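Bear in mind the structure is a predicted one, so any value in this text is a computation, not a measurement. Just so it is clear, the values below take in all heavy atoms, side chains as well, and ignore hydrogens, waters and symmetry mates. Reminder, nothing fancy here: chain letters follow the sequence lines and each chain counts from 1.
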Protein chains: 2
Amino acid sequence: MARRSDHTREELKDLILDTAWTIVGKKGAEGLTARNLATQIGYTPGTIYNIFKSMDDLYLQVNVRTLDKLLEVLNSKDCNDPKKSPAQNIKKVLGLYMEFAREYRPYWLMMFLHPLPEGRKKMGWYQEKIDRLFEPLENLLEPFFSGREKQKRKMAARVLWSSIHGLCLLQETGRISLVADKVPEAEMVSYLVDTFVAGIKDNK
Amino acid sequence: MARRSDHTREELKDLILDTAWTIVGKKGAEGLTARNLATQIGYTPGTIYNIFKSMDDLYLQVNVRTLDKLLEVLNSKDCNDPKKSPAQNIKKVLGLYMEFAREYRPYWLMMFLHPLPEGRKKMGWYQEKIDRLFEPLENLLEPFFSGREKQKRKMAARVLWSSIHGLCLLQETGRISLVADKVPEAEMVSYLVDTFVAGIKDNK
DNA sequence: ATTATTATTGAACATTGTTCATAACAGTGC
DNA sequence: GCACTGTTATGAACAATGTTCAATAATAAT
């Protein structure tokens, strides 16, 4: 039996979350089971339930960590270089997104593919956090829209974001052989942005 | 005990598949369990394993059915109306895709979200079937590319398809509040196609 | 009828998440 | 030191998963 004073409640929470993080990194979301996790930290399944309401709760916390990392990346200075054209900055931010999806694949897949718990509607704070994913793009699209086209700009950001998101999903799940005939994915991002941006300009 | 001559092997396969289909429709992929299915057809779990190698095998067969339906829709005459502009036809086919995703949501989600079995790489025929999803778009994009730009046309089709796919995924999983401020999704499709097509023309 | 074949069964196993009475512990008061 | 109190970790137990496989029931063949 683990000594109950080995860790404070706070330490234990961190320990569980950290261990969960490395498990997901190594074996994916499927590998994150209560018993597996408990064994690794030298406790038993029940302990986890003293700290987290459920496994889904723990999954969510891992997702939050992933989301925070992603938001940090997308808000980096590199994506708002005044010396570069808007299109270049947009390419940069979308490229960073794609890079993140690959580098943190198991976490990223967990965030978007792993089954969600039922009562997910009550977590407004989580939704708001996710919605912040659009902000960098919205800002970068500013030069292309007038002040009263804010609505349209928001829509453009969401459509563009969905596009890159769809590309990543097909890429990372391997469900569809996207890069048929060996077209590098970076070229696809580039093509998407160039075409879309050109379309925005032209479509006014 | 069910009489062994109640159904031929072939009838049994159809019965299982049909029942599986309705279960997924009602309760989603999660509701499709061996025991649940077996009970509904008046047999026992073991019987399913006489017909299908595993539950994953059965999942795959359901996906095949879904995929066939989808391919049929996307290849309908409505998407190749010579009286309409290419952009209008493209809108039509993407709109049909989105409609399908909503109408057949549980099946569509199962196809793209449900965990895949490990040895999925060996099923070339399934991959080829999925790849046929791009064909309608590739054809509709023909007017915009010269004969020797076939490669580029393929890429454009994949990028555009991924875009609508990403939109649908975010929509149907409800993970992200895409339609913030009540922008109808049809408007987003319209905007995507108009912008993208305008970009193609301009970007040459 | 007897035998051979084959389809169906259902108990069994290894996994899940989850609960909860109980035991082990740390602290407090005397 | 001892008894009491409150917290924390436990691990057995429950339900439900996919899956296997010897036993059995139903049919076909002889």
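Evaluation of the ring pair (Phe, Tyr, Trp, His ring centres under 6.0 Å) rule for B/Y49 yields no partner, not counting sequence neighbours.
Computed from coordinates, the B/Y49 OH to C/dC13 C1' distance equals 13 Å when rounded to whole Å. To the nearest angstrom, P of C/dT19 lies 11 Å from CE of A/M55. Rounded to an integer number of Å, the gap from OH of A/Y43 to C1' of D/dT7 is 13 Å. Following rounding to the nearest Å, B/I51 (CD1) and C/dA7 (C1') show an atom-to-atom distance of 9 Å. Rounded to an integer number of Å, the gap from CZ of A/R9 to P of C/dA26 is 17 Å. For the pair A/N50 CG and C/dT18 C1', the computed distance is 12 Å after rounding to whole Å. When rounded to the nearest whole Å, the span between CD1 of B/I48 and P of D/dT17 equals 12 Å.
One finds a side-chain N or O of B/T47 lying less than 4.0 angstrom from the OP1 or OP2 phosphate oxygen of C/dT9.
Of the charged side-chain nitrogens involved, none lies within less than 4.0 Å of a carboxylate oxygen, so that B/D78 and B/K84 do not count as a salt-bridged pair. Ion pairing between B/R158 and B/D131 fails under the 4.0 Å rule for side-chain N and carboxylate O.
For the atom pair CH2 of A/W108 and SG of A/C168, the computed distance is 5.0 Å after rounding to the nearest 0.5 Å.
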Is there a side chain to side chain contact (heavy atoms under 4.5 Å, CB included) between A/T33 and A/M55 once you walk through the steps?
-> CA-CA 8 Å; A/T33 71; A/M55 276 291 134; over 6 Å; no

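Mapping A/K53 and B/T44 onto DNA chain C via the closest heavy atom, the residue that lands nearer the 5' end is B/T44. Mapped onto DNA chain D by nearest heavy atom, B/G46 and B/Y59 fall at different nucleotides, with B/Y59 at the one closer to the 5' end.
At the heavy-atom level, B/L12 lies under 4.0 Å from the strands shown only through sugar-phosphate atoms. If you check every strand for non-hydrogen atoms under 4.0 Å, A/F52 touches nothing.
At a threshold of 4.5 Å between non-hydrogen side-chain atoms, the residues A/L37 and A/L58 count as touching. Put simply, the side chain of B/F112 does not reach to within 4.5 Å of the side chain of A/L169, judged on heavy atoms.
In this pair, A/Y97 and A/H165 present their aromatic rings tilted. The plane angle is within the 30 to 60° band.
Closest contact between the side chain of A/S54 and the listed nucleotides D/dA9, C/dT18, C/dT9 involves C/dT18.
Of the residues in residues 24-41 of chain B, B/L32, B/T33, B/A34, B/R35 come within less than 4.0 Å of DNA chain D through at least one heavy atom, sorted by number.
An angle of 30°, rounded to 10°, separates the two end axes of the helix from C/dA1-D/dT30 to C/dC30-D/dG1, each defined over five pairs.
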